[in-house]
Number of protein chains: 2
Amino acid sequence: MHSVSEENYIKTIYHLQDGKSLVSTNDIAGGMNTKASSVTDMLKKLADKNLAEYIPYKGTRLTQNGINCATQIIRKHRLWEVFLVEKLDFSWDEVHEVAEQLEHIQSRKLIDELDKLLEYPKYDPHGDPIPDAQGNYEKTAKTAISKLEKGQSGVLAGVHDTSTRFLQYLDKHQIELGTQIQLLELEAFDGSCLIKTDLKELHISKTIADNLYLKVL
Amino acid sequence: MHSVSEENYIKTIYHLQDGKSLVSTNDIAGGMNTKASSVTDMLKKLADKNLAEYIPYKGTRLTQNGINCATQIIRKHRLWEVFLVEKLDFSWDEVHEVAEQLEHIQSRKLIDELDKLLEYPKYDPHGDPIPDAQGNYEKTAKTAISKLEKGQSGVLAGVHDTSTRFLQYLDKHQIELGTQIQLLELEAFDGSCLIKTDLKELHISKTIADNLYLKVL
DNA sequence: TTACATTTTTAGACAAGGCTAAAATTTAAT
DNA sequence: ATTAAATTTTAGCCTTGTCTAAAAATGTAA
Ligand SMILES: [Mn+2]
Ligand SMILES: [Mn+2]
Ligand SMILES: [Mn+2]
Ligand SMILES: [Mn+2]
């Protein structure tokens, strides 16, 4: 149907879209490790195929067509991540790279059966929701620790960064999805903060606080 | 490491090699639905990468390097086929197309873990042996029905053609791997024959007899 | 051993995707 | 309103993998 390259562009645009009405060429280039000129070329192709609306010098947005395509790719990516963790003993910091490949396999039956094997999971190993076969998924409210008030607490429901380094940092400090976390102190100067889990207290930088999403209690 | 296209050439050459000392350009083109000129180009590239030995106008053969590469691809292909049948309720005539895609996923851990999940299967759904992580596999003696003597019997241990149409033909006549088959009559004129299973007697053409491999009892 | 047929290679072209450098446009700052 | 900076597009080139048509090499049959 669509090439791997087209699918990667569609996915990147979808993720950058969120909220904004148009996604810029430069942001796409940044998100994909390519150059702006390459992006411009691809945007024209996506527009030709009715996957995106492209307004020169202004930006682009996915058509409904493109959105449907994106959610199916994301569905595949996240289901494969669950498979790798649940069935193949991968840890949550090892799955992304392989899922980037597996998400491009074309077979409707494959993904439906995989969904069944995994018993229709709702979330991937990083707490991200998995679209169903129709592309629907729930957007639960999650708040970055950096945006909490002092004293508030919640349960870790997602992470923004899914890099190996960040996930291994969390492992090291015994923080995982479902861990209950309370914000004890918030340093106004640099945004760093002191948090508390069942097991320990921990001082974290603003960067890390931005990357931990809680379901507030 | 290697491109999908390179991997497909390597696999095709490996399968055509069997016995012969050199594989011809035309045979490769036939086996891959490409033109001979495209094959020539690729053979030069494979030779440059030390994956094949290429003798212009004479033919080509894989280097040890190329052979190792081929057996790993075949290992992946066949393990995925087992996975699809055993874990995802695919039937044996539905797996090949998807396995053609999955065999190109690059991840050592993925395939080792898959092997473990499947409990180290020795054969794929079509009776073909699965190479281990070192590339070793047993070449069991299998004989096409068309080469049996009248009266001999055996157990279906493999099929040559793995097309959907052929496999569905076998399903229709309740013939599967492990089915015990006896050759009752062999018609010298057209090579067709009469065979007998536990369930029924069946008249088959030479084409079909060529495609059914028995482990002779 | 010639003459013809088949196989294989070469030459030239094309599409997809990507890059660099230069030009055009938009945005921000005097 | 100008000018400067940043963004975006265009132009031209490259690589991979493919194709067609023509040329070269090999094989075969009288
Ligand atoms: Mn991921
Ligand atoms: Mn994820
Ligand atoms: Mn197969
Ligand atoms: Mn098979």
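Residue numbers start from 1 in every chain, and the chains themselves are labelled A, B, ... in the order their sequence lines are given, proteins ahead of strands. As the structure is a computational prediction, the values presented were derived from the model and not from experiment.
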* Do you know which two heavy atoms are closest between B/His160 and B/Asp210, and how far apart they sit? -> CB-O, 4.4 Å
* A/Phe90 six-ring face occupied by B/Lys109 cation (under 6.0 Å, within 45°) -> yes
* Asked: Quick one: A/Tyr54 OH to D/dT9 P, roughly how many Å, whole number?
  -> 3 Å
* With sugar-phosphate meaning primed atoms plus P, OP1 and OP2, does B/Ser37 contact a base, only sugar-phosphate, or nothing at under 4.0 Å between heavy atoms? -> base
* Are OP1 or OP2 of D/dT20 and a side-chain N or O of B/Lys35 less than 4.0 angstrom apart? -> yes
* Asked: To the nearest angstrom, how far is A/Met42 atom CE from D/dT8 atom C1'?
  -> 17 Å
* **N/O (side chain, A/Asn26) to phosphate O (OP1/OP2, D/dA6) under 4.0 Å** => no
* Across the strands shown, which category fits B/Ser38 at heavy-atom distances under 4.0 angstrom: base, sugar-phosphate, nothing? -> base
* Take A/Pro56 and B/Asp27, find for each the nucleotide of DNA chain C with the closest heavy atom, and name the residue whose nucleotide sits nearer the 5' end. => B/Asp27
* Using only side-chain N and O atoms of A/Ser3, determine if any of them is under 4.0 Å from OP1 or OP2 of C/dA16. => no
* Asked: Taking 4.0 angstrom as the limit, do B/Lys11 and B/Glu100 come out as a salt bridge?
  -> yes
* Structure fact -> Here the distance between atom P of C/dA16 and atom CD of A/Glu7, to the nearest Å, is 16 Å
* In whole angstroms, how far is the P atom of C/dT10 from the NZ atom of B/Lys44? -> 4 Å
* Side-chain N or O of B/Lys45 less than 4.0 angstrom from OP1 or OP2 on D/dG17? -> yes
* Between atom CG in A/Asp48 and atom P in C/dA15, what is the gap in whole Å? -> 14 Å
* Quick one: B/Tyr57 OH to C/dA5 C1', roughly how many Å, whole number? -> 16 Å
* Asked: For the residue pair B/Phe83 and A/Phe83, is the inter-centroid distance of their aromatic rings smaller than 6.0 Å?
  -> yes
* Asked: Between C/dG18 atom P and A/Asn33 atom CG, what is the distance in whole Å?
  -> 11 Å
* In whole angstrom, give the distance that lies between atom CG of B/Asp41 and atom C1' of C/dG12. => 12 Å
* Looking for any heavy atom pair under 4.0 Å, which part of the strands does B/Thr25 touch: base, sugar-phosphate only, or nothing? -> sugar-phosphate
* Asked: Can we call the ring centroids of B/His126 and B/His96 under 6.0 Å apart?
  -> no
* Across the strands shown, which category fits A/Thr40 at heavy-atom distances under 4.0 angstrom: base, sugar-phosphate, nothing? -> base
* Would you please confirm or rule out a distance under 4.0 Å between OP1 or OP2 of C/dG18 and any side-chain N or O of A/Tyr9? => yes
